[in-house]
Amino acid sequence: MALWRAYQRALAAHPWKVQVLTAGSLMGLGDIISQQLVERRGLQEHQRGRTLTMALLGCGFVGPVVGGWYKVLDRFIPGTTKVDALKKMLLDQGGFAPCFLGCFLPLVGALNGLSAQDNWAKLQQDYPDALITNYYLWPAVQLANFYLVPLHYREDPASTTLVSIPPELRT
């Protein structure tokens with residue numbers, strides 16, 4: 001409980017910094033979980049660079065972009081009713097998610113050293129599967145998120161990205 005209270009105090013004092021660091025931490029942790037539990041790489045085969053890349057993406061891209069999107073969305077559709085949450089989810093999943101994935105996947109490709117041509121080919125190959133995978137889970141999660149979670153606690157970045165993109169598409 002003391003840790004949770006400290007997190008809440010830090011979030012109240014420095015909301016943007018804490019959200020960005022939380023996104024980076026969750027994305028790094030998500031990659032560790034992916035490599036160890038899903039891919040079963042073991043500690044010797046763990047790709048530390050990949051984990052660092054995911055953490056840096058969380059801090060430098062995902063956290064700021066999604067945090068900013070949530071603020072815009074709450075200004076555009078103020079309110080916390082079920083209908084408001086449904087509207088937010090539809091706008092988020094119908095507009096933001098496709099655009100976000102269309103930016104995130106090439107960024108990962110560039111950070112992995114792909115040429116522009118290879119990155120474009122990989123995006124064309126991976127984007128449909130990533131978006132479809134997103135739609136299996138995230139509309140329901142985002143509906144609950146927008147209805148139950150106050151704006152300052154929403155941390156979609158890491159979870160959305162890591163669950164929406166299968167491990168084989170992230171490398």
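Fair warning: this is a prediction, and the values are worked out from it, not measured in the lab.
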N/O donor-acceptor pair under 3.5 Å between Y127 side chain and P98 backbone: yes
Side-chain donor or acceptor of N119 paired with backbone N/O of P106 under 3.5 Å: yes
How far apart are the closest heavy atoms of [X] and [Y], and which atoms are they?
{"X": "Q47", "Y": "Q35", "value": "N-OE1, 2.7 Å"}
{"X": "A23", "Y": "G63", "value": "CB-CA, 3.6 Å"}
{"X": "M89", "Y": "P139", "value": "CG-O, 3.3 Å"}

E45 and R40: CA distance, side-chain angles, deciding distance, salt bridge (charged side-chain N to carboxylate O under 4.0 Å, His left out) verdict: CA-CA 9 Å; E45 298 297 319; R40 300 190 186 279; over 6 Å; no
Under 4.5 Å between side-chain heavy atoms, counting indirect links through other Ile/Leu/Val/Met/Phe/Trp/Tyr residues: same cluster for [X] and [Y] or not?
{"X": "L37", "Y": "L29", "result": "yes"}
{"X": "L148", "Y": "V83", "result": "no"}
{"X": "V149", "Y": "V18", "result": "yes"}
{"X": "L21", "Y": "L56", "result": "no"}

Verdict with reasoning, W138 to D92, per side-chain hydrogen bond (donor to acceptor under 3.5 Å, both in side chains): CA-CA 10 Å; W138 288 104; D92 179 70; over 6 Å; no
Q19/C59 under side-chain contact (heavy atoms from CB on, under 4.5 Å): CA gap, chis, key distance, verdict: CA-CA 9 Å; Q19 286 181 346; C59 289; over 6 Å; no
Working for side-chain contact (heavy atoms from CB on, under 4.5 Å), residues H14 and R9: CA-CA 8 Å; H14 307 284; R9 281 193 304 273; over 6 Å; no
Full working for side-chain contact (heavy atoms from CB on, under 4.5 Å) between L73 and F146: CA-CA 10 Å; L73 192 56; F146 294 132; 3.6 Å; yes
Test of ring centre spacing under 6.0 Å for F61 and F100: yes
Partner set under side-chain contact (heavy atoms from CB on, under 4.5 Å) for I32, not counting sequence neighbours: Q36, H46, T51
Distance in Å, N112 CG paired with L107 CG, rounded so as to fall on 0.5 Å steps: 9.5 Å
Pairwise distance CG(L105) to CG(L114) - rounded to 0.5 angstrom: 11.0 Å
Of all pairs that satisfy salt bridge (charged side-chain N to carboxylate O under 4.0 Å, His left out), the ones with a partner from residues 66-75, not counting sequence neighbours: D74-K88, D74-R154
L43, CG atom: more than 12 neighbouring heavy atoms under 6.0 Å: no
W16 CH2: over 12 foreign heavy atoms closer than 6.0 Å: yes
Qualifying residue, where the test is side chain to side chain contact (heavy atoms under 4.5 Å, CB included) with F96 and the options are L101, L91, V66: V66
